[in-house]
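These notes are about the structure you will find just below.
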Amino acid sequence: MSHAPRSRTSLYLDLIRWDRPAGWLVCLWPTLSALWIAADGFPGWHLLAVFVLGTFLMRSAGCCVNDVADREFDKHVKRTAHRPVTTGAVGVQEALAVGAVLALLAFGLVLSTRAAAIAWSVPALLVAIAYPFAKRLIAMPQAVLGIAYNFGIVIAFAAVQGTVPAVAWWMWLGTLFWVLAYDTEYAMVDRDDDLRIGIRTSAITLGRMDVAAIVVFYLLFLSIWLVALEPYALGALFHMAIAAALAQVPWHWRLIRERTRAGCFAAFRVNHWLGCTVFAGIAGSHLLRVAPAALSKWLPLG
């Protein structure tokens with residue numbers, strides 16, 4: 001029984017992983033957290049729109065480049081064998097053109113901010129392009145992914161303040177460990193296939209230490225953010241959010257301890273809740289700080 005050919009729109013949505021939002025949400029939450037810290041609260045609708053849309057567009061562009069770079073490897077991996085570029089449904093030049101358009105749209109958004117943010121967007125793009133090829137060169141390419149994903153933090157501070165202070169780099173470092181945690185979970189899904197075809201990943205490099213290392217990566221992420229943001233006096237709500245995020249770590253351990261494909265993939269997909277929890281603590285803390293003054297404008301004095 002033959003199937004009707006798929007529309008280009010459907011193929012492009014597959015190409016950018018439209019139905020798998022976890023991949024861009026894990027980029028979004030640290031970026032929004034940085035925006036709120038840099039602006040000492042709500043950054044304004046303009047910057048919020050720029051960074052939400054920009055994060056989605058850049059992650060989507062990265063998917064296009066990644067699928068072109070990995071198209072020969074993806075044929076031999078169960079999870080990726082049906083991707084549009086791998087099957088030939090979308091051509092290499094076509095996928096790169098889609099990625100270029102998405103990246104240009106993201107760059108157009110950055111152009112509406114400060115010069116410092118525009119300048120930092122250039123190395124961000126270069127690292128994002130380099131990541132797919134890192135699997136051929138280094139033992140833990142997930143670190144390169146972390147560098148690429150974390151540029152959202154740097155650009156957020158640059159867009160708000162026109163500079164990148166030390167706290168931004170501490171947040172960047174902490175988030176690097178978070179990326180190592182969740183992308184190692186992701187790599188564990190394909191470990192057998194990657195070993196067979198010769199791809200390097202952190203899951204392979206860490207070997208039987210993978211589960212313990214992931215737990216340590218989570219703890220390092222949360223610890224660094226807790227210490228780095230302590231001077232900002234975010235209060236009890238932020239500490240509660242860190243505690244709630246910390247409570248999710250045993251959940252991840254239970255999902256990955258048997259190293260099953262389904263468990264590891266599930267662990268990766270729920271990571272955005274951990275990032276959302278931390279962001280909620282930061283945004284909520286700032287909201288509580290300004291709420292009394294805002295209410296005093298509307299409520300009559302006693």
Side-chain angles (χ1 to χ4, degrees), residues 21-45 47-52 54-56 59 146 149-157 159-161 164-183 185 214-255 267-295:
W24 75 275
L25 287 174
V26 292
C27 299
L28 179 65
W29 299 125
T31 301
L32 292 186
S33 295
L35 264 183
W36 254 253
I37 294 296
D40 194 27
F42 181 61
W45 293 110
L47 285 180
L48 181 60
V50 165
F51 281 90
V52 171
T55 299
F56 173 76
R59 187 261 181 170
Y149 273 17
N150 294 355
F151 264 109
I153 295 171
V154 175
I155 297 172
F157 272 92
V160 174
Q161 300 183 1
V164 184
V167 67
W169 294 111
W170 282 112
M171 292 175 71
W172 180 94
L173 178 63
T175 309
L176 175 60
F177 286 112
W178 185 34
V179 176
L180 285 172
Y182 67 65
D183 209 48
E185 291 174 340
I214 287 170
V215 171
V216 171
F217 292 151
Y218 280 124
L219 296 178
L220 285 170
F221 160 52
L222 295 172
S223 298
I224 291 172
W225 272 48
L226 179 62
V227 173
L229 298 182
E230 195 64 29
Y232 288 81
L234 295 173
L237 188 59
F238 172 66
H239 291 97
M240 290 169 61
I242 291 292
L246 185 62
Q248 295 178 43
V249 176
W251 178 26
H252 284 263
W253 175 78
R254 287 194 297 272
L255 287 170
F268 165 75
R269 293 185 68 181
V270 298
N271 259 280
H272 66 92
W273 290 113
L274 192 148
C276 179
T277 300
V278 176
F279 167 69
I282 293 172
S285 296
H286 282 104
L287 183 61
L288 286 178
R289 184 184 301 171
V290 301
L295 286 174

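Sequence positions, counted from 1, serve as the residue numbers for this chain.
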- prompt: After noting the C-alpha distance and the side-chain angles of Val164 and Ile155, does the key distance pass the side chain to side chain contact (heavy atoms under 4.5 Å, CB included) rule?
  reply: CA-CA 8 Å; Val164 184; Ile155 297 172; over 6 Å; no
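- Leu35 places none of its side-chain heavy atoms less than 4.5 Å from the side chain of Phe157.
- Residues Ala38 and Val160 share a closest heavy-atom pair of O-CG1, 3.5 Å.
- The backbone N or O of Phe238 sits less than 3.5 Å from a side-chain atom of Ser285, completing a donor-acceptor pair.
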| field | Candidate pair Tyr232 and Ile282, rule side chain to side chain contact (heavy atoms under 4.5 Å, CB included), full reasoning | value | CA-CA 10 Å; Tyr232 288 81; Ile282 293 172; over 6 Å; no
(message) side chain to side chain donor-acceptor pair (under 3.5 Å) for Gln248 and Asn271? Distances and angles first, verdict last.
(response) CA-CA 9 Å; Gln248 295 178 43; Asn271 259 280; over 6 Å; no
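- Between the side chain of Trp178 and the backbone N or O of Tyr218 there is no donor-acceptor pair closer than 3.5 Å.
- Taking CG of Asn150 as the reference point, atom OG1 of Thr175 lies at 5.0 Å (rounded to 0.5 Å).
- Tyr182 pairs with exactly one of Leu274, Val270, Val26, Ile214 by the side chain to side chain contact (heavy atoms under 4.5 Å, CB included) rule, that one being Val26.
- Put simply, the side chain of Leu219 reaches to within 4.5 Å of the side chain of Leu246, judged on heavy atoms.
- Within 6.0 Å of the CH2 atom in Trp169, the count of heavy atoms belonging to other residues, nucleotides or ligands exceeds 12.
- Between Val167 and Ala228 the shortest heavy-atom distance is CG2-O, 3.8 Å.
- Between Pro30 and Met171 the shortest side-chain heavy-atom distance does not fall below 4.5 Å.
- With rounding to the nearest 0.5 Å, the separation of CG in Leu237 from NE2 in His286 is 11.5 Å.
- The closest side-chain heavy-atom distance from Arg269 to Glu185 is not below 4.5 Å.
- Taking CD1 from Ile242 and CG from Leu226, the interatomic distance works out to 5.5 Å, rounded to the nearest 0.5 Å.
- Between Phe279 and Trp36, the ring centre distance stays below 6.0 Å.
- The CG atom of Leu234 sits 14.0 Å away from atom CE of Met240, with the distance rounded to the nearest 0.5 Å.
- Smallest separation of non-hydrogen atoms from Ile153 and Ala168: CG2-O, 3.6 Å.
- Using a 4.5 Å cut-off on side-chain heavy atoms (C-beta onward), Leu47 and Phe51 make contact.
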(message) Please determine whether side chain to side chain contact (heavy atoms under 4.5 Å, CB included) holds for the pair Val154 and Trp172, giving the CA-CA distance in whole Å, both sets of side-chain angles, and the decisive distance to 0.1 Å.
(response) CA-CA 7 Å; Val154 175; Trp172 180 94; 4.0 Å; yes
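- Taken from SG in Cys27 to CZ in Phe56, the straight-line distance is 12.0 Å, to the nearest 0.5 Å.
- We find the CH2-CG distance between Trp170 and Leu229 to be 12.0 Å, quoted to the nearest 0.5 Å.
- Shortest non-hydrogen contact noted between Gly281 and Ala241 is CA-CB, 3.4 Å.
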Q) Would Trp24 and Leu28 count as a side chain to side chain contact (heavy atoms under 4.5 Å, CB included) if you check the C-alpha gap in whole Å, the side-chain angles of each, and the deciding distance to 0.1 Å? A) CA-CA 6 Å; Trp24 75 275; Leu28 179 65; 3.7 Å; yes
